[in-house]
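Please read these numbers as outputs of a predicted model, since none were measured by experiment. Along the sequence shown, the residues carry numbers beginning at 1.
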Amino acid sequence: MQAPHAPTDAQLSLLRQKARFIRLETIRLIEIAKVGHYSSVFSCAEIFAALYYHVMSLRRGEPRWEGRDRFLMGKGHAAVGLFPVLADLGFFPAELLDRYTRLGSPLGDHPDMSKVPGVDFSSGSIGHALSNGAGMALGGRMQGLPFSVFVMLGDGEMQEGQVWEAAQFAAHHRLGRLIAIVDRNGYQLDGKVDEVIGVEPLKDKWTAFGWETHEVDGHDLRALAGLLSRLKADTARTRPACVIARTVKGKGVSFMETEPGWHLGYLAPADAQAAIAEIQSRDI
């Protein structure tokens with residue numbers, strides 16, 4: 001479950017399969033709900049795949065293992081893409097996916113840590129994940145537990161003041177086991193991020209706040225998984241690390257990549273079949 005190095009060709013093939021699986025399951029689950037966040041998941045499918053199938057220390061079927069790495073999502077609306085991964089790792093029965101968002105189901109539009117095994121943080125209101133992740137990283141150090149904490153943030157989330165308060169806190173406390181990943185897909189609910197409130201120069205800002213900062217193509221699984229693995233393996237690092245993953249919202253489905261309205265929507269049957277066919281045929 002953990003490989004602190006760049007993926008081999010065989011591992012890379014598996015990661016691509018898992019990213020494809022995440023996209024296809026997202027379409028299937030949103031068909032049950034009749035509305036959902038397709039493009040928000042598609043921009044981070046490779047991030048999910050790299051973390052859960054290559055980088056993070058996990059034990060299959062043991063979502064509460066004390067030594068596991070923690071993962072928190074600021075952009076909790078991408079949970080529909082995470083749930084299939086958690087089921088695939090045996091954290092809960094896969095049959096629960098078939099009741100996604102139905103009355104009484106633990107699986108909702110956003111993740112609930114009190115209901116879904118494998119979810120480390122209940123996210124919904126944007127801006128709180130990094131604060132909680134910093135607290136987990138500090139708590140782990142105080143308890144002598146060597147787990148890493150990964151926090152995935154949306155780029156629109158960079159407009160939240162609490163993100164930068166947490167960034168200061170993490171740098172001040174030298175939380176070297178905290179790794180933030182910014183899904184820099186360029187869009188938020190109201191349109192282009194930099195037209196709503198500009199966030200650049202993003203790399204320079206994180207660096208100025210005392211973080212070790214990197215940029216990577218968020219869909220290049222070899223580069224992404226290799227970078228995240230190296231950061232996790234660097235246990236001597238005393239600064240928190242930020243990875244700005246340059247991504248495309250809706251990646252994998254061409255008509256979503258050019259239409260920001262797919263932040264929240266529903267695919268008609270013919271469009272769903274076209275999206276599935278494209279995902280199955282493309283080697284991202």
Side-chain angles (χ1 to χ4, degrees), residues 6 39-40 43-44 46-48 50-51 55 70-76 78 123 125-138 148-249 251 257 260 263:
S39 60
S40 298
S43 68
C44 63
E46 280 74 28
I47 297 173
F48 283 152
L51 286 173
V55 178
R70 274 62 168 174
F71 175 71
L72 301 85
M73 276 198 300
K75 46 178 290 182
S123 51
S125 181
I126 297 297
H128 304 302
L130 190 60
S131 295
N132 282 270
M136 289 181 186
L138 181 59
S148 295
V149 179
F150 295 87
V151 181
M152 187 177 72
L153 309 165
D155 50 357
E157 196 168 357
M158 301 300 94
Q159 298 160 356
E160 294 281 355
Q162 186 170 337
V163 170
W164 300 105
E165 292 179 41
Q168 291 181 82
F169 177 92
H172 174 78
H173 288 281
R174 303 173 72 81
L175 301 180
R177 291 189 178 272
L178 177 63
I179 300 170
I181 306 164
V182 180
D183 181 9
R184 184 67 167 114
N185 63 37
Y187 285 90
Q188 60 191 100
L189 179 62
D190 293 329
K192 292 184 177 180
V193 169
D194 292 329
E195 290 180 359
V196 177
I197 298 178
V199 299
E200 294 291 353
L202 201 51
K203 185 175 187 294
D204 291 344
K205 288 177 180 177
W206 282 96
T207 301
F209 271 73
W211 288 55
E212 179 182 316
T213 312
H214 303 265
E215 290 184 289
V216 69
D217 180 341
H219 301 299
D220 182 339
L221 274 164
R222 189 183 298 276
L224 176 66
L227 173 59
L228 291 173
S229 291
R230 290 193 300 274
L231 291 174
K232 173 181 164 56
D234 184 7
T235 57
R237 188 181 61 253
T238 58
R239 290 192 295 164
C242 175
V243 173
I244 299 169
R246 301 285 176 177
T247 62
V248 176
K249 194 152 187 172
K251 182 70 171 179
E257 294 175 4
H263 177 90

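W211 and A180 make their closest contact through CZ3-CB, 3.7 Å (heavy atoms, listed as atom of the first residue, atom of the second, distance). The two residues S43 and N185 have their closest heavy-atom pair at OG-ND2, 3.1 Å. Between C44 and A78, the closest heavy-atom pair is SG-CB, 4.2 Å. Of all heavy-atom pairs spanning S229 and V55, the tightest one is OG-CG2, 3.5 Å.
Within the structure, salt bridge (charged side-chain N to carboxylate O under 4.0 Å, His left out) contacts touching residues 217-229 (residues at least two apart or in different chains) are D9-R222. The list of salt bridge (charged side-chain N to carboxylate O under 4.0 Å, His left out) pairs with a residue in residues 203-212, not counting sequence neighbours, is empty.
Evaluation of the side-chain hydrogen bond (donor to acceptor under 3.5 Å, both in side chains) rule for H219 yields E46 as partners, not counting sequence neighbours. The side-chain hydrogen bond (donor to acceptor under 3.5 Å, both in side chains) search around Q159 returns Q188, not counting sequence neighbours. By the side-chain hydrogen bond (donor to acceptor under 3.5 Å, both in side chains) test, R174 pairs with T238, sequence neighbours left out. Legend: residues meeting side-chain contact (heavy atoms from CB on, under 4.5 Å) with A245, ordered by chain and number and at least two apart, are I47, I181, V216, T247. The side-chain contact (heavy atoms from CB on, under 4.5 Å) test applied to A137 returns V149, L175, L178, not counting sequence neighbours. A search for side-chain hydrogen bond (donor to acceptor under 3.5 Å, both in side chains) contacts involving S123 returns nothing, not counting sequence neighbours. Applying the salt bridge (Lys or Arg N to Asp or Glu O under 4.0 Å) criterion to K251, with sequence neighbours excluded, gives no partner residue. Every residue meeting the salt bridge (Lys or Arg N to Asp or Glu O under 4.0 Å) condition with D194, not counting sequence neighbours, appears here in chain and number order: R184. Contacts of R246 classified as salt bridge (Lys or Arg N to Asp or Glu O under 4.0 Å), with partners at least two apart in sequence or in another chain: E200, E215. For E165, there are no side-chain contact (heavy atoms from CB on, under 4.5 Å) partners two or more places apart in sequence or in a different chain.
Considering CG of L72 and CG of N132, their distance stands at 6.5 Å, rounded to 0.5 Å. Within the model, atoms CD of E160 and OG of S125 stand 6.5 Å from one another, a figure rounded to the nearest 0.5 Å. In this structure, CG in D234 is found 10.5 Å from CZ in R239, a value given to the nearest 0.5 Å. Separation of atoms CG (D155) and CG (D183) is listed at 6.5 Å; rounding is to 0.5 Å. To the nearest 0.5 Å, atom OG of residue S39 and atom OH of residue Y187 are 10.0 Å apart.
Within the 4.5 Å cutoff, no side-chain heavy atoms of R70 are placed close to those of V151. Counting only heavy atoms from C-beta outward, the side chains of P260 and K249 never approach each other to under 4.5 Å. Contact check for M152 versus L51: no side-chain heavy atoms found under the 4.5 Å cut-off. No side-chain heavy atom of L130 sits under 4.5 Å from any side-chain heavy atom of E157.
Between the side chain of W164 and the main chain of M158, a donor-acceptor pair closer than 3.5 Å is present. A donor-acceptor distance shorter than 3.5 angstrom exists from the side chain of K75 to the backbone of S40, with no hydrogens or angles considered.
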Check your understanding: Please walk me through it: do F71 and M73 pass side-chain contact (heavy atoms from CB on, under 4.5 Å)?
Key -> CA-CA 7 Å; F71 175 71; M73 276 198 300; 3.3 Å; yes
Practice item. Would you please test H214 and L231 for side-chain contact (heavy atoms from CB on, under 4.5 Å) and show each step? Key: CA-CA 10 Å; H214 303 265; L231 291 174; 3.6 Å; yes
